Participant: 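Quick one: the structure is below, questions incoming.
Only a predicted model underlies this, so the values are computations on that prediction, with no experimental measurement involved. In listed order, ligands and their atoms are each counted from 1.
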Amino acid sequence: MAELTVETSDKPIGVFDSGLGGLTCVMELMQLMPNENIVYFGDTARIPYGTRSKETITEYANQDIGFIKKHDVKMIIAACGTVSSVVGGVKDPAGEVPFTGVVIPAVQTACAAARNGRIGVIGTAATIRSGAYGRAIRAIRSDAVVLGNSCPLFVPMVESGITDKNDPVVKSMVERYLSPIRNENVDVLILGCTHYPLLRDAIADFMGEDVTLISSGAAAAKYAMNLLAGKNLLSSRKEKGSITYYTSDSAELFAQNAQSFIGRSFTGEVRKVTIDELCS
Ligand code: DGL
């Protein structure tokens, strides 16, 4: 009698972002799939991506994907709202490795949660300019009203640790960027940039408890789990998985700044990659 075999894969999941924001996706991956190994790349030497042109973002995204692929990953997650929005339906360029960005997962989650069909989206300037979230929402719910606004100072604030909801700078920027959306009576707000969950408390206070906030990174992690499960690629590992972090700038700074993203002291191993290595 043929033995019943269950396909699994112990290869790592590859995750990248322009900086540390993708760690909001990694945190969720660790919760959902604690036994998976993860390779993370944060392009901290070239952040922000959200102020750059489509050509530059595409070039950086292809280099990031090329680097992640060198680690023999079973799936790639572009945990960056800017890359996911600007480079269209971003794919593994060679089409070999399962791939997701954050737009489709966040939009599916938002559409399922929306009661009145009025959905807010915040993101970087490049993300909002691309219109990608709006297109993806209307593909699922053609009658939806989408209210988008870019929040250019949120990423530098988060990367500098300015996130406390009582900080006057935080309060004033949240009010400035979110007033046009709050005034439109949305009941769901997509945090379309993976850095924004660090401002969640301030955003939640301002938007009020009736508005559901969707973390694009967390939505992408759930989507990835379902995709891997559907392809029988979840790990069969019994012990806890490991994470290797790569950064294009200082490893010390990465470890120091990562603390606020993961909400506790950072213990992982961080390796520095030069831009030359990235481009090779
Ligand atoms: N985490 C990136 C995003 O989700 C940050 C954007 C940037 O690099 O400007 O869009």
Side-chain angles (χ1 to χ4, degrees), residues 14-29 40-65 68 76-90 99-107 109-110 121-134 136 148-163 173 177 189-200 203 213-221 223-224 245-249 253-254 257-258 260-262 275 278:
V15 184
F16 73 92
D17 179 37
S18 56
L20 296 161
L23 295 178
T24 57
C25 176
V26 169
M27 292 302 291
E28 189 70 16
L29 288 172
Y40 182 84
F41 173 63
D43 195 3
T44 47
R46 302 192 295 192
I47 193 173
Y49 284 10
T51 52
R52 300 179 194 273
S53 66
K54 180 173 179 163
E55 291 67 33
T56 303
I57 296 167
T58 306
E59 184 188 333
Y60 289 178
N62 285 330
Q63 291 165 356
D64 300 343
I65 291 165
I68 286 285
I76 301 173
I77 306 176
C80 176
T82 306
V83 166
S84 311
S85 303
V86 172
V87 194
V90 199
F99 195 105
T100 186
V102 299
V103 173
I104 301 294
V107 160
T109 312
V121 181
I122 52 173
T124 65
T127 293
I128 298 303
R129 205 167 50 231
S130 77
Y133 278 101
N149 208 12
S150 63
C151 311
L153 292 180
F154 276 3
V155 168
M157 278 162 56
V158 168
E159 292 268 328
S160 320
I162 303 170
T163 56
M173 294 322 297
Y177 291 143
L189 175 67
I190 299 177
L191 309 183
C193 166
T194 51
H195 278 70
Y196 296 178
L198 274 85
L199 294 163
R200 186 178 200 113
I203 294 170
L213 304 184
I214 309 289
S215 158
S216 49
Y223 186 95
Y245 300 90
Y246 293 88
T247 176
S248 51
D249 196 21
L253 278 179
F254 183 101
N257 295 336
S260 49
F261 283 83
I262 63 172
I275 298 295
L278 261 190

Participant: List the residues meeting side-chain contact (heavy atoms from CB on, under 4.5 Å) with Ile262, not counting sequence neighbours, and say none if there are none.
Facilitator: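 side-chain contact (heavy atoms from CB on, under 4.5 Å) check on Ile262 returns Met27, Arg264, Phe266.
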
Participant: Strictly by modelled atom types, are Thr24 and Thr194 linked by a side-chain donor-acceptor pair under 3.5 Å?
Facilitator: no

Participant: Protein residues near ligand 1, heavy-atom distance below 4.0 Å?
Facilitator: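 Residues near ligand 1: Asp17, Ser18, Ile47, Pro48, Tyr49, Gly50, Cys80, Gly81, Thr82, Thr124, Val155, Cys193, Thr194, His195.
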
Participant: How would you list, by chain and number, every residue that makes a side-chain contact (heavy atoms from CB on, under 4.5 Å) with Pro105, sequence neighbours excluded?
Facilitator: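 With neighbours one apart ignored, the set is Thr100, Ala219, Ala220, Tyr223.
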
Participant: Going by the angle between their ring planes, with limits at 30° and 60°, are Tyr245 and Phe254 parallel, tilted or perpendicular?
Facilitator: tilted

Participant: Under a 3.5 Å distance rule, please check whether Tyr196 uses its side chain to pair with a backbone N or O of Ser216 as donor and acceptor.
Facilitator: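 It does not hold such a pair.
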
Participant: For Ala221, give me all partners under side-chain contact (heavy atoms from CB on, under 4.5 Å), at least two apart in sequence or on another chain.
Facilitator: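 Residues passing side-chain contact (heavy atoms from CB on, under 4.5 Å) with Ala221: Cys25, Glu28, Leu29, Leu32.
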
